[in-house]
Amino acid sequence: LAITVAGVLLVVLVSGLGLGVGYALVTGDGAAIARFTTANLGYAAPVLVLVGLSVALYGWRPRLAMLAWIGLAFCVVVMFFGQLLRFPQWVKAISPFDHLALVPAESFRWPPFLLLLAVGLALGAVGLVGFRRRDLA
């Protein structure tokens, strides 16, 4: 689980760096590199919720682990088409990405980030407990 968390952080960090470099090359705003890189780190928490869901499913019911893809697909549909399809707010709120501030346009908010981080880590811990309880011999 620690390697997965480190991998998520690395991918989110590098993608933010790429966004920042691309923006800086187009606009000439070199300060955007740091802004975009740090802003993108906020997405680590909802990604870890999806990772935690995968680990929990695999830990308790390995055959159901593929259902974690439904969570990812749901988040993608809500993020890209939620407004267009006029989803009610409660449906949008199921996506962990819906709770984040749109940084850098909005100010970063710690409470939703920390709550999502806790949910993701709790799901991962539940999955590890399930994995350790299985008879793998």
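These numbers were taken from a predicted model, which means no experiment stands behind them. Just so it is clear, the values below take in all heavy atoms, side chains as well, and ignore hydrogens, waters and symmetry mates.
- The heavy-atom pair separating Val8 from Ala44 by the smallest distance is CG1-O, 4.1 Å.
- Phe36 and Ile33 fall into different hydrophobic clusters, where Ile, Leu, Val, Met, Phe, Trp and Tyr residues are linked whenever their side-chain heavy atoms come under 4.5 Å apart, directly or through other members.
- Applying the side-chain contact (heavy atoms from CB on, under 4.5 Å) criterion to Leu25, with sequence neighbours excluded, gives Val21.
- Contacts classified as salt bridge (Lys or Arg N to Asp or Glu O under 4.0 Å) and involving residues 83-103 (residues at least two apart or in different chains) are not found.
- Sorted by first and then second residue, the side chain to side chain donor-acceptor pair (under 3.5 Å) pairs involving residues 17-30 (not counting sequence neighbours) are Asp29-Arg35.
- Atom CG of Leu67 is separated from atom OG of Ser54 by 10.0 Å, given to the nearest 0.5 angstrom.
- Smallest separation of non-hydrogen atoms from Gly124 and Val55: O-CG1, 3.6 Å.
- Identified under the salt bridge (Lys or Arg N to Asp or Glu O under 4.0 Å) test for residues 45-70, with sequence neighbours left out: none.
- The closest donor-acceptor contact from the side chain of Trp60 to the backbone of Val126 lies under 3.5 Å.
- When the side-chain contact (heavy atoms from CB on, under 4.5 Å) test is applied to Glu106, the partners found at least two apart in sequence or on another chain are Ala101, Leu102, Arg109.
- Among residues two or more places apart in sequence or in another chain, the side-chain contact (heavy atoms from CB on, under 4.5 Å) test is passed with Val49 by Pro96, Leu116, Val119, Leu123.
- In the hydrophobic clustering of ILVMFWY residues, with side-chain heavy atoms under 4.5 Å counting as a link, Val51 and Leu100 come out together.
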Do any side-chain atoms of residues 10-18 form donor-acceptor pairs under 3.5 angstrom with protein atoms, and if so which ones, sequence neighbours left out?
from  : atom 1 : to    : atom 2 : distance (Å)
Ser15 : OG     : Val11 : O      : 3.1
Ser15 : OG     : Val12 : O      : 2.9
Ser15 : OG     : Asn40 : ND2    : 2.6

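- Residues near Met66 contribute nothing to a hydrophobic cluster around it, because no ILVMFWY side-chain heavy atom sits closer than 4.5 Å to its side chain.
- Atom CD1 of Ile3 has 12 or fewer heavy atoms from other residues, nucleotides or ligands within 6.0 Å.
- Between Val5 and Leu9, some side-chain heavy-atom pair lies under the 4.5 Å cut-off.
- The side-chain contact (heavy atoms from CB on, under 4.5 Å) test applied to Val76 returns Leu72, Phe80, not counting sequence neighbours.
- Partners of Trp110 by ring-ring contact (aromatic ring centres under 6.0 Å, His included), not counting sequence neighbours, listed by chain and number: Phe108, Phe113.
- Dense packing is recorded around CZ of Phe74, with more than 12 heavy atoms of other residues, nucleotides or ligands lying under 6.0 Å away.
- Within 6.0 Å of CZ in Phe97 there are more than 12 heavy atoms belonging to other residues, nucleotides or ligands.
- The hydrophobic cluster containing Val129 does not contain Leu48, counting ILVMFWY residues as joined when their side-chain heavy atoms lie under 4.5 angstrom apart, directly or transitively.
- Placement of Tyr43 and Leu19 in two distinct hydrophobic clusters is found when ILVMFWY residues are connected by side-chain heavy-atom separations under 4.5 Å, directly or transitively.
- Trp90 is connected to Val78 through a chain of hydrophobic side-chain contacts under 4.5 Å among Ile, Leu, Val, Met, Phe, Trp and Tyr, so both are in one cluster.
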